[in-house]
Engineer: 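Would you mind keeping the following structure in view while I ask a few things?
Each chain gets a letter, A, B and so on, in the order its sequence line appears, and its residues count up from 1.
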Amino acid sequence: MSQHILTAVAWPYANGPRHIGHVSGFGVPSDVFSRYQRMAGNKVLMVSGTDEHGTPIQVQADKEGVTARELADRYNRVIAEDLTALGLSYDLFTRTTTENHFAIAQEIFKGLHKNGYVFPRTTMGAISPSTGRTLPDRYVEGTCPICGYDGARGDQCDNCGNQLDPIDLINPRSKINGETPKFVETEHFMLDLPAFSEALGTYLQGKQGEWRPNVLKFSLNMLQDLQPRAISRDLDWGVPIPLDGWRDRTDKRLYVWFDAVVGYLSASIEWAKRSGDPEAWRQWWQNPDARGYYFMGKDNIVFHAEIWPAMLMGYNGQGSRDGTPGSLGALDLPSEVVSSEFLTMEGRKFSSSRQVVIYVRDFLSRYDADALRYYISVAGPETQDTDFTWSEFVNRNNGELVAAWGNLVNRSISMASKNFGVIPEAGDLTDADRAMLARSRAAFAPVGAELARSRFKNAATEALDVVREANKYLAEQEPWKLKGDPERQKSILHVALQVVDDAKTLLTPFLPGSSNKIHAMLGGTGVWSGMPEIREVGEDSGRQYPVITGDYDDAARWEHTPLRAGIPLAPPTPLFPKLDPKVVDEELARLAEVSAES
RNA sequence: GGGGCGGUAGCUCAGCUGGUCAGAGCAACGGACUCAUAAUCCGUCAGCCGUGGGUUCAAGUCCCACCCGCCCUACCA
């Protein structure tokens, strides 16, 4: 049965290029999942974009001497190019600075306001005297009033661990420019989270046994202490507040996180408009049979398991104050929040500022996208933090991609091509032949089941087991010794090629690039698994910007497909380059070098 | 301070609701083979399942305490 699947991928923040830790959290898992779902016959809508508002972008822009918009334009493009190069099959990867996004974010705000879940409140907040902008807690530091530690951040003291209020800091100063922040009364809109505690509790309880336990525990625990939360900021870079008296103010904007999570909805609507059927998005958002899967790193759980559901409930009129849905109609809540843990880098935390980092772009300039996709799938931070090491990367690449999988493809096609020039016909099959064929066909169900529940490590491991079995089968059948018995030789090679074809299908979600090559090698025509591309699009204002999109209505199906004998085979070229173990030292040296520079 | 996660063979990790759960891959060592990117296949080696208690007929698996490491704590995925 075909289902509508929304793959909602966390929005990368456009204040710099993204590193491999980022894409291991949201990028590769969401794409493996989406590719599988499409192959299984479901209607996938995979959306995301760059998150471009908020103080950090403004701060970074000031530092570089450009406007926030210029900075966002630049990194939007860099990020879009990187994600495209990784083969992430977004139906639409857009941005938060579009007219459409502004309108939808404002619509959600208005719906919440109409139902009484948003209210104004005057609070004391730190602002920067020189710019008048909100100085977020994390940009204020000073002496801890509890332990006297000098480097305490506004929200917490790293020394004694106590939660702080920036106004209590002794000698507070701005981390941005060192000036003394001013604490002033400022009026902000608050989202009434306590009004959703009951509804959220019911919602989350219903996910018991379905979500990864760490995500659920974390979310349920947070319900204990829900407070109203400010959803506006003193800033001129962002989405204006859509209420009379506020709309035209240049000093108040929606809080970046408020507008960013609305992106899933606004991007779906933008996709529908661009696809020619402006109402098409409703099939993923207002459909009891549709499922919404949200992919992100664990630091985003609170926004996706708490705040975004609360916003949707409020918009729908489903909190303690009830209400009626806004003009878009009632919207579906996330079915599942799939959160990854963190990737560390040779034992240390990724940090752009400390240069403990490998940018996606740099990685892909030296290694294959499929090699990175494979590593993340099989050794990534799926259920616990994991450490990326270059030696592990080289080992996995050489041992599993090159020696096991690439070699199976290469030896099978090479032998068949050399001896027969075509995919040979199978004659009488032996028990061993039948067992081998049954083995690879039987893998579709369990590997698919693991993929459907986002257990990528298990799925990749089980797919690779088929590859190992096939290498074993060839070792036992020894077709290279059967020069005098071409009929038997044909049967063995037919079986081997058929298993290669099955394994190619099983590995397509992880390795779309190399699976496409195998598809062509075995005489397949057309596109096997579609790849994303960047297109320039425009909006009413005339502004042009790049989006990632693609045609994924391709040939790949999650099933065994019988090979047709007689199709010509060319001598194969290696699928994956083998890496010289020396690259481990080179990369470590590179890392040390950049670290030393800063 | 509050919360979460992890500590299982040299390394990276599987082990869901307690009873073939003591496993896989890599590494190491020995052997076979040569179709293939010196790839593949077979075999061997290995672990007081962090520590100490407890529950149970039975505990890596549940409970308590402790030790170590990591993470989140709401503007770094």
Engineer: Atom pairs, N/O to N/O, protein against nucleotides 3-8 of chain B, distance under 3.5 Å?
Structural biologist:
unit_1: B:rG3; atom_1: O2'; unit_2: A:Asn221; atom_2: ND2; d: 3.1
unit_1: B:rC5; atom_1: OP1; unit_2: A:Lys217; atom_2: NZ; d: 2.7

Engineer: Please list all pairs passing the salt bridge (Lys or Arg N to Asp or Glu O under 4.0 Å) test where one or both residues lie in residues 490-499 of chain A, with sequence neighbours left out.
Structural biologist: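 Listed once each, the pairs are A:Glu487-A:Lys490.
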Engineer: Not counting sequence neighbours, list each pair that qualifies as a side-chain hydrogen bond (donor to acceptor under 3.5 Å, both in side chains) and has a residue in residues 403-420 of chain A.
Structural biologist: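 Pairs touching residues 403-420 of chain A that pass the test: A:Arg411-A:Asn471.
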Engineer: Let's see if you can work this out: which of B:rC41, B:rG15, B:rU37 has an atom nearest to the side-chain heavy atoms of A:Arg455?
Structural biologist: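 So the nucleotide nearest the side chain must be B:rG15.
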Engineer: When the ring centroid of A:Tyr264 is compared with that of A:Tyr294, is the distance short of 6.0 Å?
Structural biologist: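 A:Tyr264 vs A:Tyr294: aromatic centres under 6.0 Å.
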Engineer: Heavy atoms under 4.0 Å, any strand shown: does A:Ser391 hit a base, just sugar-phosphate, or nothing?
Structural biologist: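 Nothing, no heavy atom under 4.0 Å.
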Engineer: For A:Val256, which contact category applies under a 4.0 Å heavy-atom criterion: base, sugar-phosphate, or nothing?
Structural biologist: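 Contact class for A:Val256: none.
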Engineer: Please classify the nucleic acid contact of A:Phe576 as base, sugar-phosphate, or nothing, using heavy-atom distances under 4.0 Å.
Structural biologist: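 Contact class for A:Phe576: base.
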Engineer: Roughly, in whole Å, what's the span from CD in A:Glu476 to P in B:rA32?
Structural biologist: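 From A:Glu476 CD to B:rA32 P: 18 Å.
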Engineer: Can we say A:Glu52 and A:Arg95 salt-bridge, meaning some charged N sits less than 4.0 Å from an Asp/Glu carboxylate O?
Structural biologist: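 Counted as a salt bridge, because a side-chain N and a carboxylate O are separated by less than 4.0 Å.
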Engineer: Select base, sugar-phosphate, or nothing to describe what A:Ala379 touches, counting heavy atoms under 4.0 Å on all strands.
Structural biologist: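 No contact.
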Engineer: Can you give the dot-bracket line for RNA chain B, where a pair is Watson-Crick or G-U wobble with both atom distances under 3.5 Å, crossing pairs use [ ], and | marks a partner on another strand?
Structural biologist: (((((((..((((.........)))).(((((.......))))).....(((((.......))))))))))))....
Engineer: Which protein N or O atoms sit under 3.5 Å from an N or O of nucleotides 21-26 of chain B?
Structural biologist:
none

Engineer: With sugar-phosphate meaning primed atoms plus P, OP1 and OP2, does A:Gly21 contact a base, only sugar-phosphate, or nothing at under 4.0 Å between heavy atoms?
Structural biologist: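 A:Gly21: base contact, heavy atoms under 4.0 Å.
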Engineer: For the ring pair A:Phe456 and A:Phe510, is the centre-to-centre distance below 6.0 Å?
Structural biologist: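 Ring centres of A:Phe510 and A:Phe456 not closer than 6.0 Å.
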Engineer: Across the strands shown, which category fits A:Pro12 at heavy-atom distances under 4.0 angstrom: base, sugar-phosphate, nothing?
Structural biologist: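 Since no nucleic acid heavy atom lies under 4.0 Å of A:Pro12, the category is nothing.
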Engineer: Would you confirm whether the ring centroid of A:Phe303 sits within less than 6.0 angstrom of the ring centroid of A:Trp308?
Structural biologist: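 A:Trp308 vs A:Phe303: aromatic centres not under 6.0 Å.
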Engineer: Students often get this wrong, so: under 4.0 angstrom with heavy atoms, is A:Phe26 touching a base, only sugar-phosphate, or nothing?
Structural biologist: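 Contact class for A:Phe26: sugar-phosphate only.
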Engineer: With syn defined as a glycosidic angle within 90° of 0 and anti as everything else, classify B:rG7.
Structural biologist: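 Glycosidic conformation of B:rG7: anti.
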Engineer: Is the distance from the ring center of A:Phe196 to that of A:Tyr117 below 6.0 Å?
Structural biologist: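 Yes, they do, as the ring centres are separated by less than 6.0 Å.
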Engineer: Could you say whether A:Pro577 or A:Phe303 is positioned toward the 5' end of RNA chain B, judged by the nucleotide with the nearest heavy atom to each?
Structural biologist: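 With A:Pro577 and A:Phe303 compared, the 5'-side residue is A:Pro577.
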Engineer: Assign the ring pair A:Phe393 / A:Tyr367 to parallel, tilted or perpendicular, where the plane angle (0 to 90°) is split at 30° and 60°.
Structural biologist: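 Plane angle over 60°, so perpendicular.
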Engineer: Grab the N/O contacts between the protein and nucleotides 34-36 of chain B below 3.5 Å, and write none if there aren't any.
Structural biologist:
unit_1: B:rC35; atom_1: O2; unit_2: A:Arg411; atom_2: NE; d: 3.1
unit_1: B:rC35; atom_1: N3; unit_2: A:Arg411; atom_2: NE; d: 3.4
unit_1: B:rC35; atom_1: N3; unit_2: A:Arg411; atom_2: NH2; d: 2.5
unit_1: B:rC35; atom_1: N4; unit_2: A:Arg411; atom_2: NH2; d: 3.0
unit_1: B:rA36; atom_1: OP1; unit_2: A:Lys418; atom_2: NZ; d: 2.8
unit_1: B:rA36; atom_1: O3'; unit_2: A:Asn410; atom_2: ND2; d: 3.1
unit_1: B:rA36; atom_1: O2'; unit_2: A:Asn407; atom_2: OD1; d: 2.9
unit_1: B:rA36; atom_1: O2'; unit_2: A:Asn410; atom_2: ND2; d: 3.2
unit_1: B:rA36; atom_1: N1; unit_2: A:Arg411; atom_2: NH2; d: 3.4
unit_1: B:rA36; atom_1: N3; unit_2: A:Asn407; atom_2: OD1; d: 3.2
unit_1: B:rA36; atom_1: N3; unit_2: A:Asn407; atom_2: ND2; d: 3.3
unit_1: B:rA36; atom_1: N3; unit_2: A:Arg411; atom_2: NE; d: 3.2

Engineer: Kindly say whether the aromatic ring centers of A:Phe363 and A:Trp390 come within a distance under 6.0 Å.
Structural biologist: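 Yes - the distance between ring centres of A:Phe363 and A:Trp390 falls below the 6.0 Å cut-off.
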Engineer: Calculate the interatomic distance between A:Asn458 atom CG and B:rC16 atom C1'; express it in whole Å.
Structural biologist: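 So the CG-C1' distance, A:Asn458 to B:rC16, works out to 11 Å.
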Engineer: Quick one: label A:Leu408 by what it contacts on the DNA or RNA (base, sugar-phosphate, nothing), any heavy atom closer than 4.0 Å.
Structural biologist: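 The residue A:Leu408 makes no contact with any strand.
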